[in-house]
> 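For reference, the structure I am asking about is given below.
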2 protein chains.
Amino acid sequence: MPSILDVAKRAGVAPTTAKRAIHEPHLLAPETLARVRRAIEELGYEPDQVAGGLRRGRTQTLGLMVGNIIEPFFASLVRTVAHAAQSRGYALIVTDNEYDSALERANLRVLYGQRVSGLIIRSGYGAPNLDYLERMRERGTYVLEIDYFYPGSPFSHVMLDNEGSVFEGVRYLHALGHRRIATLGSYDPVYHPEERSRAFPEALRSVGLSPVEEYQRVITLIEPEAYKLTLELMRLPEPPTAIFSLNGTEAAGAFRALKELGLRIPEDVSLLTFDNYSWTALVTPPLDVIEQPVEEMGRAAVEIVLDAVEHQTPDKVVRLRFPGRLIRRGSCAPPRRP
Amino acid sequence: MPSILDVAKRAGVAPTTAKRAIHEPHLLAPETLARVRRAIEELGYEPDQVAGGLRRGRTQTLGLMVGNIIEPFFASLVRTVAHAAQSRGYALIVTDNEYDSALERANLRVLYGQRVSGLIIRSGYGAPNLDYLERMRERGTYVLEIDYFYPGSPFSHVMLDNEGSVFEGVRYLHALGHRRIATLGSYDPVYHPEERSRAFPEALRSVGLSPVEEYQRVITLIEPEAYKLTLELMRLPEPPTAIFSLNGTEAAGAFRALKELGLRIPEDVSLLTFDNYSWTALVTPPLDVIEQPVEEMGRAAVEIVLDAVEHQTPDKVVRLRFPGRLIRRGSCAPPRRP
DNA sequence: AGGGGTAATGGACACGTGACCATTGGCGCG
DNA sequence: CGCGCCAATGGTCACGTGTCCATTACCCCT
């Protein structure tokens with residue numbers, strides 16, 4: 001475990017000189033620089049980021065907390081963020097909160113203890129952890145929310161244009177002739193007014209439809225709940241002619257339920273969903289989706305965070321919106337005439 | 001950013017006493033302990049793991065390098081390992097190598113610089129990085145390979161019973177009456193004799209079949225390659241009657257190709273694959289799969305690594321095999337009589 | 001020739017913690 | 001009553017780095 005002192009000794013220079021070969025090579029005589037570099041090479045020296053982080057007051061580390069790593073949206077986000085961080089010399093600490101703000105708090109403590117320089121977070125549901133995020137910010141961690149942000153949050157965020165995307169989806173279904181459109185939404189009605197669920201009734205009104213209570217129930221963001229809700233929806237006296245799933249995880253449950261009921265898509269019911277998950281193109285019929293530009297969002301998030309960290313502008317707030325993209329594949333069609 | 005010194009001052013005790021409230025509370029008088037704990041609470045003190053890591057000589061961090069985070073097998077692994085690490089107070093640094101050993105090396109340097117206490121790695125293909133792993137081990141990082149290990153590797157590993165699973169799959173197809181069984185394998189023929197691809201011809205022989213060269217071609221582990229190979233296989237003068245995909249990513253490509261060719265599963269061709277990915281149950285027909293116990297494997301890996309780290313037994317080598325589980329859903333059937 | 005500036009190098013110290021050793025006071029026991 | 005032990009608390013230093021200040025030698029310019 002060679003340190004910079006070993007490098008200095010081997011190169012026959014003072015420790016300070018050896019350090020300069022790394023951070024300010026232009027200050028060294030070419031010959032000295034070469035000698036130090038050779039010593040680094042021979043010893044396989046790699047700077048200790050732990051010691052450096054301590055002295056510097058901030059680490060070469062980023063935290064990423066997502067809702068659930070297994071969901072392709074987040075898996076893709078983890079991947080993109082990890083790559084972007086790596087390319088700028090940062091390591092990425094990954095956690096998930098399973099959409100639970102209590103678990104989230106426990107994980108935040110770990111990230112706080114690790115003194116991450118930046119935090120990209122998709123908060124869970126329940127009592128908000130804004131206070132804790134605020135404390136991390138005071139301590140020097142730059143915080144950015146992604147995919148969701150607390151109402152009144154002071155932090156930067158990177159979001160999909162949720163409202164626009166919901167409106168586009170509803171307009172699409174309406175234009176096909178659908179008048180009974182149900183949604184699978186998800187939010188905590190107390191703390192988390194999730195944008196897509198909120199936009200849905202407005203979107204209906206914008207095309208002249210009246211929101212129906214039982215067509216817009218909200219559930220926990222897991223597959224089994226969506227499965228169950230879809231069964232219930234289709235067993236209503238007046239079942240919907242189209243289902244608009246507000247995320248890909250719930251779409252899987254909806255699809256399973258529709259298959260099980262023996263309903264044909266899109267003849268008996270149309271299905272539209274957020275998230276262009278790979279399975280949506282493999283099933284029969286392939287699903288119409290609203291794709292999120294996950295990778296662009298992830299790269300943008302890292303850029304905002306690391307720029308603020310490295311340019312020492314902790315108070316800079318950047319808020320971005322990315323458009324969704326509707327991809328038609330054949331799971332939506334005009335409703336049957338009764 | 002309160003430190004333990006602030007806590008000590010507030011509690012009116014010496015720093016050493018304050019520290020003991022955290023690590024050796026039994027040494028303190030109950031009243032003193034309570035006073036310190038109150039100070040910790042009031043200040044929201046959280047130990048600085050960076051400073052602690054430096055002093056201690058090892059950090060509260062684990063590294064996890066996987067092939068590609070987007071693949072559900074790895075996403076699930078990341079999730080499980082992150083949870084297991086978190087429950088023992090460790091943070092998890094995640095990277096992927098995109099199956100490329102050069103990229104892997106760059107990422108290993110970052111992990112080395114971060115002084116992770118342990119490393120769980122799924123190596124990529126190309127020139128092995130055994131030398132670098134060896135150096136990390138010498139430096140104090142406990143290394144465990146998962147899902148794959150270098151031949152002759154001195155490290156611990158956690159693996160599927162690949163050979164047994166391939167044999168079971170082949171026996172299953174053979175028992176249904178298949179004699180022309182093709183595989184989608186993946187390995188680097190020079191460096192990476194991947195177990196499943198190697199076991200396949202042996203498994204054929206064990207049921208009395210002769211391996212056919214063009215039925216066992218190996219490709220890069222990505223969906224488009226599997227798609228292309230499947231098209232080629234099914235256009236052979238004597239196409240296979242069953243395809244055995246050695247992982248879930250390739251199965252997606254195979255499925256897409258078969259659909260596109262208009263072939264019916266299982267009437268025209270049977271399809272069996274490793275990995276119980278969620279989409280395999282949603283497509284028509286749902287696929288027969290060999291499920292890997294990913295979560296058990298992940299938890300076992302963390303346990304082995306952290307036990308060795310915390311019990312200071314860096315030379316202890318543990319090697320585990322987990323059985324696969326064949327799940328029949330309807331994508332395999334007896335071949336048609338020609 | 002002498003002063004000042006600069007290129008090149010060296011030395012000292014603090015970041016916050018954990019490990020180790022030192023000190024104090026009180027009580028039991030012979 | 002005095003010795004010794006132990007419970008309880010305090011003090012010191014090193015981990016490896018980054019930052020700031022100090023030192024040396026040489027050259028340029030007037």
Side-chain angles (χ1 to χ4, degrees), chain A residues 1-37 39-40 43-61 89 112-117 139-140 309-310 312, chain B residues 1-37 39-40 43-61 89 112-117 139-140 309-310 312:
Chain A
M1 181 178 48
S3 83
I4 194 69
L5 296 179
D6 301 311
V7 171
K9 200 176 294 175
R10 186 177 189 103
V13 297
T16 308
T17 305
K19 293 169 194 174
R20 267 199 266 267
I22 298 173
H23 297 290
E24 310 158 297
H26 58 281
L27 289 180
L28 294 188
E31 190 216 345
T32 311
L33 181 58
R35 216 165 58 240
V36 176
R37 287 199 165 146
I40 288 177
L43 291 174
Y45 168 76
E46 188 79 19
D48 186 329
Q49 298 296 346
V50 179
L54 174 60
R55 172 64 237 243
R56 214 182 301 121
R58 64 186 162 81
T59 60
Q60 294 288 99
T61 307
Y112 178 64
Q114 293 290 340
R115 303 289 189 261
V116 291
S117 287
R139 200 238 134 250
V309 167
E310 293 179 349
Q312 319 250 37
Chain B
M1 179 178 50
S3 81
I4 194 70
L5 296 179
D6 301 309
V7 172
K9 200 176 295 174
R10 185 176 191 101
V13 297
T16 306
T17 305
K19 292 169 195 172
R20 267 198 267 265
I22 298 174
H23 297 292
E24 309 156 300
H26 59 282
L27 289 180
L28 294 190
E31 190 215 346
T32 313
L33 181 57
R35 216 165 58 240
V36 175
R37 285 200 168 145
I40 288 178
L43 290 173
Y45 168 76
E46 188 79 21
D48 186 330
Q49 298 296 346
V50 179
L54 174 60
R55 172 63 237 239
R56 211 181 305 121
R58 65 188 163 79
T59 60
Q60 294 287 100
T61 46
Y112 179 65
Q114 294 289 341
R115 303 291 192 257
V116 292
S117 287
R139 200 235 135 252
V309 167
E310 293 180 348
Q312 318 250 37

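All figures in this text were calculated on a predicted structure; none of them were measured in a lab. Each chain gets a letter, A, B and so on, in the order its sequence line appears, and its residues count up from 1. Keep in mind that the numbers below use all heavy atoms, side chains included, and drop hydrogens, waters and symmetry copies.
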> What nucleotide, of dA8(C), dG16(C), dT17(D), holds the atom closest to the side chain of Asp48(A)?
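So the nucleotide nearest the side chain must be dT17(D).
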
> For residues Arg115(B) and Glu46(A), report the shortest heavy-atom separation together with the two atoms involved.
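Of all heavy-atom pairs spanning Arg115(B) and Glu46(A), the closest is NH2-O, 3.3 Å.
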
> Compare the minimum distances between each of dC15(C), dT9(D), dT9(C) and the side chain of Leu54(A), then state the nucleotide with the smallest one.
dC15(C)

> How about Ile22(B) and Ile4(B): do any of their side-chain heavy atoms sit closer than 4.5 Å?
yes

> Which whole-number value in Å describes the distance from Arg139(B) CZ to dC15(D) C1'?
12 Å

> Do the non-hydrogen side-chain atoms of Asp6(A) and Arg10(A) ever get within less than 4.5 Å of each other?
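A side-chain contact is absent here, since even the closest heavy-atom pair is not under 4.5 Å.
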
> Are there over 12 heavy-atom neighbours, none belonging to Glu24(B), within less than 6.0 Å of that residue's CD?
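Atom CD in Glu24(B) is crowded, with more than 12 foreign heavy atoms closer than 6.0 Å.
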
> Send over the distance from His26(A) NE2 to dT9(C) C1', rounded to a whole Å.
14 Å

> Mind checking the CZ-CD1 spacing from Arg35(B) to Ile40(B)? Nearest 0.5 Å is all I need.
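That separation rounds to 12.5 Å.
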
> When you measure from every atom of DNA chain C, which of residues 3-11 of chain B have a heavy atom less than 4.0 Å away?
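DNA chain C contact set from residues 3-11 of chain B: Ser3(B), Ile4(B).
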
> On DNA chain C, compare the nucleotides closest to Pro30(A) and Arg115(A); which residue's is nearer the 5' end?
Pro30(A)

> Nearest 0.5 Å, what's the CZ-OG1 distance between Arg37(B) and Thr32(B)?
12.0 Å

> Is a side-chain N or O of Ser117(B) found less than 3.5 angstrom from the main chain of Arg58(B), in a donor-acceptor match?
no

> Rounded to whole angstroms, how far apart are CD on Glu31(A) and C1' on dA8(C)?
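Computing the Glu31(A):CD to dA8(C):C1' distance gives 12 Å.
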
> Answer with base, sugar-phosphate or nothing: what part of the nucleic acid does Val50(B) contact at a heavy-atom distance below 4.0 Å?
nothing

> With rounding to the nearest 0.5 Å, note down the distance linking CD in Gln49(A) to CZ in Arg56(A).
6.0 Å

> Strictly under 4.0 angstrom, non-hydrogen atoms only: write out the protein contact profile of nucleotides 18-25 of chain C, one letter per nucleotide from the 5' end, B, S or -.
BS------

